[in-house]
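Accompanying notes for the structure given below.
A, B, ... follow the sequence lines: proteins, then strands. Residue 1 opens every chain.
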Amino acid sequence: MRKIMSGDEAIARGAYEAGCTVAAAYPGTPSTEILENMAQYKEIYSEWSPNEKVAVEVACGASIAGARSICAMKHVGLNVAADPMFTMAYEGVNGGLIIVTADDPGMHSSQNEQDNRYYAPHAKVAMIEPSDSQECKDFVKYAFEISEKFDTVVLFRITTRIAHSKSIVELKERCEVGVKEYKKDVKKYVMIPAHSRVKHYEVEERLARLQNYSNNCPLNRIEWGDKKIGIITSGISYQYAKEVFGDSASYLKIGMSYPLPDKMIQKFAKAVDKVYIIEENDPYLETYVKSLGIECIGKEFIPICGELNPDIIRRALLPTEEKKSYSVDVKVPSRPPVLCPGCPHRGLFFAMSKYKDIIATSDIGCYTLGMMPPLNIADTVICMGASISAGVGFKKASEKAGRDSKVFGIIGDSTFFHSGITGLIDAVYNKAPMVTVILDNRITGMTGHQENPGTGKTLMGEDAPIIDIESIVKAVGVKEENIRIVDPYKLEETQRAVDDAYKATEPFVIITKQPCALIKEVQKRRANMYCKINDEKCKKCKACLRIGCPAIAFKNGKIVIDRSMCNGCTLCQQVCKFDAIEKVGE
Amino acid sequence: MTKSILFVGVGGQGIILASKILTEGLIKFGYDVKMSEVHGMAQRGGSVTTQVRFGEKVYSPLIGVGEADVLVAFEKVEAARWISYLKEGGSLVVNDYEIYSMPVLIGQEQYPQNTLDELKSKVENLKIFSAAEVAQDLGNIKTQNIVLLGALIKALGLENLDWEGVIKDNLPEKMQEINIKAIKAGMNI
Ligand SMILES: Cc1ncc(C[n+]2csc(CCOP(=O)(O)OP(=O)(O)O)c2C)c(N)n1
């Protein structure tokens, strides 16, 4: 059967067909759909883990127990999970083990543009890079085989355009491989120094064997065309190169990008007049090719920053005429992403915006958008979990400087479970008189509504215990009198909590509780609710525009609320001093 | 010959569904197809695009400046934002629909008034209409995206293929009738 699939869907399908039995991930664009799709295959135990490190460790444990296992994360997720990966590289596997890293060139939804190909040589594990959905599926099978044959972790590297582009895939049946026997073997699975010292030699030997394989495996292949130009490329860049050069060049298409096939590269380079390296972001291939003493053209023409596309390659490497197109004389306004109408984060940010001197150490999630005007709530965003810990540092430094900074760490529920709890422990243990705001919308919002430990459901749709944030906060040692739990749709209550927090001299926590407005059941429940303007009472003072709701506009001299967008959260009604906004529906 | 179609609009307008149905149809009719969409952060009310390329054999899923055979804009200033991607002689389909962005809502930037006039004066092959009105007349404003898809199919000259069957294959039963009406209404504009 043939089906059009995204790379993410195809990876899930590949794992299914290859007999994988355990899969774990923490969501992150563009990797999220891998596990979302995995969950449809009931032969595979699939879970959302609280963070990437946990996900990799779950997969490591499952591999040691004998199961083919896979875990997936966005590029920055591998930073969180690097620790288990580096030591698992020494231990090797029992059942095959794949770690998928989904990089985001162009940063469509990311805070940096790191090129995770460097992780493979750094951790000394094999790396595989597919270039379309069919390869995503096929290469997962190869990856499991390589993992088991060479006793290695396999890093499976994709990028946004592989993950989210769709192309046609040929489906096959599942090949049931079962879960292998587990035999206790402390020299292999207990990494104390005495064992690791031995293992390091084995790792180096393994790399040599892997390189030999890389030179002779079907994952790396040469496509001969005109030999004036020889292009070495991998992943999505291969597709762009083919688009631009067609048959007017020869290609060395790399599918196994660590260890790289040295002999094959040398043979290819000898046979062509000129070598081009076409790759996105860092000169990973180029540096290696040059280290073999081969002259080549790469990053002097092809940019390191940003996403690649055929156009950039064409302009960089070929004399081309500009393509004829159109231009219009219209001043196009910018359209940045914004908090949705009815977003429960808005109430808290509006309450905070009363104070102009708050330092908001924010975090990663929908609430990062609180940084946008008119709310302007964010001074820092670093990585998931850094809101509270960076807040501690900011507070301590400010105290040393004699500044009375009011520091508010802002963190979502999923991010709190991911890596915020340790930050809060730090704040309490080291007595940082800062405020932590936990925005509990019952879901992992930004990445498209994945269950998390506070949701009460698992990835596979089963009921689950709800991990209670308030109990965690208390257990960490925040005093009861310094905790406020508020409904952010109720402005007065929320404002009171922010006022108390602002004055606090000890670690203080506000938890806002209101589910994300986009959750299906919430939408259904609120479908008939909306707010409308009473034109007679409206003084056009525009106070309601200050909450930054996309459903409210000043159009043709009037304030209007777009009924189709509004969910009746009533925040605008609560800020109106003239009773000019009415709520409809219950 | 590979054809390239660029869908542009605002997060939440149903662009992904429209492009999915197009893609499924093209596959059913025997083309090689690649489609690329953007998820995550950009979907929260930001400017979004989906790209579809089809032909005998397609390599890149991406469409460059001056390369789109058809540009379908679900919102009118988005047509102006992406117009440079339309190749000379290509077709433009524009939904006469306004969505103000946050900088416009709070008065930092202006929503331009000359978009449609400019497009009309520059682009020869263009179709501007209110898909919302068409969809409303059919009884469900949410089928705007499928009305636009119909207009796109017409612009591609693919209206004689069995799109009714494609809708039936890809939408739940209770949604089929209204969407078949919507795609036909779009083709007849
Ligand atoms: C290490 C890491 N993993 C994953 C992500 C992707 N990511 C960004 S925001 C987010 C979820 C945030 O959810 P939550 O904290 O509940 O806030 P919400 O979006 O619901 O407001 C995720 C998973 C990331 N940026 N970094």
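For B:Gln113, no part sits under 4.5 Å from any heavy atom of chain A, backbone or side chain. Heavy-atom distances place the side chain of B:Thr23, and not its backbone, under 4.5 Å from chain A. The contact between A:Arg314 and chain B is made entirely by side chain atoms (from C-beta outward), counting heavy-atom distances below 4.5 Å. Only the backbone of A:Cys549 comes within contact range of chain B, with at least one heavy atom under 4.5 Å from a heavy atom of that chain. Contact of A:Ile559 with chain B is not made at all, since no heavy-atom distance falls under 4.5 Å. Proximity to chain B (any heavy atom under 4.5 Å) is shown, for A:Leu339, by neither the backbone nor the side chain. Interface remark: B:Ile83 contributes backbone and side-chain atoms alike to the contact with chain A (heavy atom separation under 4.5 Å). Contacts of B:Leu92 with chain A are absent, with no heavy-atom separation under 4.5 Å from either backbone or side chain. Residue A:Pro30: no heavy atom, backbone or side chain, is found under 4.5 Å from chain B. Using a 4.5 Å cut-off between heavy atoms, B:Val104 contacts chain A through its side chain alone, with no backbone atom that close. Both the backbone and the side chain of B:Leu105 have a heavy atom closer than 4.5 Å to some heavy atom of chain A. In this structure, chain B has heavy atoms under 4.5 Å from both the backbone and the side chain of A:Lys242. Only the side chain of A:Ile236 comes within contact range of chain B, with heavy atoms under 4.5 Å apart.
Chosen from A:Lys331, A:Met372, A:Lys324, the residue pairing most often with chain B at heavy-atom distances under 4.5 Å is A:Lys324. Between chain A and the residues B:Ala80, B:Gly107, B:Gly64, B:Gly90, the largest count of heavy-atom pairs under 4.5 Å involves B:Ala80. Interface summary for chain B: among A:Asn309, A:Val338, A:Val244, the most heavy-atom pairs under 4.5 angstrom belong to A:Val338. Per-residue heavy-atom pair counts under 4.5 Å with chain A were compared for B:Ser101, B:Ser60, B:Gly66, and the maximum is reached by B:Ser60. With chain B as partner, the option from A:Ser6, A:Pro336, A:Ala553 having the largest number of non-hydrogen pairs under 4.5 angstrom is A:Pro336. Annotation: maximal heavy-atom pairing with chain B below 4.5 Å, among A:Ile552, A:Ile168, A:Val330, A:Asp562, occurs at A:Val330. Here B:Val65 is the residue among B:Val65, B:Thr50, B:Thr2 with the most heavy-atom pairs under 4.5 Å with chain A.
Here the CH2 atom belonging to B:Trp82 is positioned 13.5 Å from the OG atom belonging to A:Ser325, to the nearest 0.5 angstrom. Taking OG from A:Ser327 and NZ from B:Lys122, the interatomic distance works out to 5.5 Å, rounded to the nearest 0.5 Å.
Contact detail for A:Phe554 and B:Tyr100: the closest heavy-atom pair is O-CE2, 4.3 Å. Of all heavy-atom pairs spanning B:Met102 and A:Gly548, the tightest one is CE-O, 3.2 Å. Closest heavy-atom contact between B:Tyr59 and A:Glu243: CB-OE1, 3.5 Å. Nearest heavy atoms, B:Ile27 versus A:Ile4: CD1-CB, 3.2 Å. The shortest non-hydrogen separation linking B:Leu62 to A:Leu308 is CD1-O, 3.9 Å. Minimum interatomic distance between A:Asp311 and B:Glu67 (heavy atoms only, all atoms of both residues): OD1-OE2, 4.0 Å.
A donor-acceptor pair shorter than 3.5 Å can be found between the side chains of B:Glu109 and A:Ser334.
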For this session: Test B:Lys34 against A:Arg161 for side chain to side chain contact (heavy atoms under 4.5 Å, CB included), laying out the working first.
Result: CA-CA 11 Å; B:Lys34 283 200 177 158; A:Arg161 294 296 174 184; over 6 Å; no
For this session: Would you sort out whether B:Glu24 and A:Lys166 count as a side chain to side chain contact (heavy atoms under 4.5 Å, CB included), showing the intermediate values?
Result: CA-CA 11 Å; B:Glu24 293 286 351; A:Lys166 297 193 174 183; over 6 Å; no
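For B:Glu118 (side chain) and A:Asp329 (main-chain N/O), a donor-acceptor pair under 3.5 Å exists by modelled atom type. Listed for the A:Arg335 side chain is no donor-acceptor partner under 3.5 Å among the backbone atoms of B:Val48.
Taking the ring pair (Phe, Tyr, Trp, His ring centres under 6.0 Å) definition, one finds that A:His345 meets it with A:Tyr367, sequence neighbours left out.
Other residues, nucleotides and ligands contribute more than 12 heavy atoms inside 6.0 Å of the CE atom of A:Met565. For A:Lys520, the NZ atom counts as loosely surrounded, since its 6.0 Å shell holds 12 or fewer non-hydrogen atoms of other residues, nucleotides or ligands. Around the NZ atom of B:Lys3, the shell of radius 6.0 Å holds no more than 12 heavy atoms that belong to other residues, nucleotides or ligands.
Here ring pair (Phe, Tyr, Trp, His ring centres under 6.0 Å) pairs that include residues 4-36 of chain B, with residues two or more places apart or in two chains, are B:Phe29-B:Trp163, B:Tyr31-B:Phe54.
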Name every donor-acceptor pair, under 3.5 Å, that has one atom in a side chain of residues 124-133 of chain B and the other anywhere in the protein, sequence neighbours excluded.
residue	atom	partner	partner atom	Å
B:Glu124	OE1	A:Tyr326	OH	3.0
B:Asn125	ND2	B:Gly89	O	2.9
B:Lys127	NZ	B:Ile189	O	3.1
B:Ser130	OG	B:Glu133	N	3.0

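Residues A:Pro333 and B:Pro112 have side chains in contact (heavy-atom distance under 4.5 Å, counting atoms from C-beta outward).
Inspection of non-hydrogen atoms places no residue of residues 168-185 of chain B under 4.5 Å from chain A.
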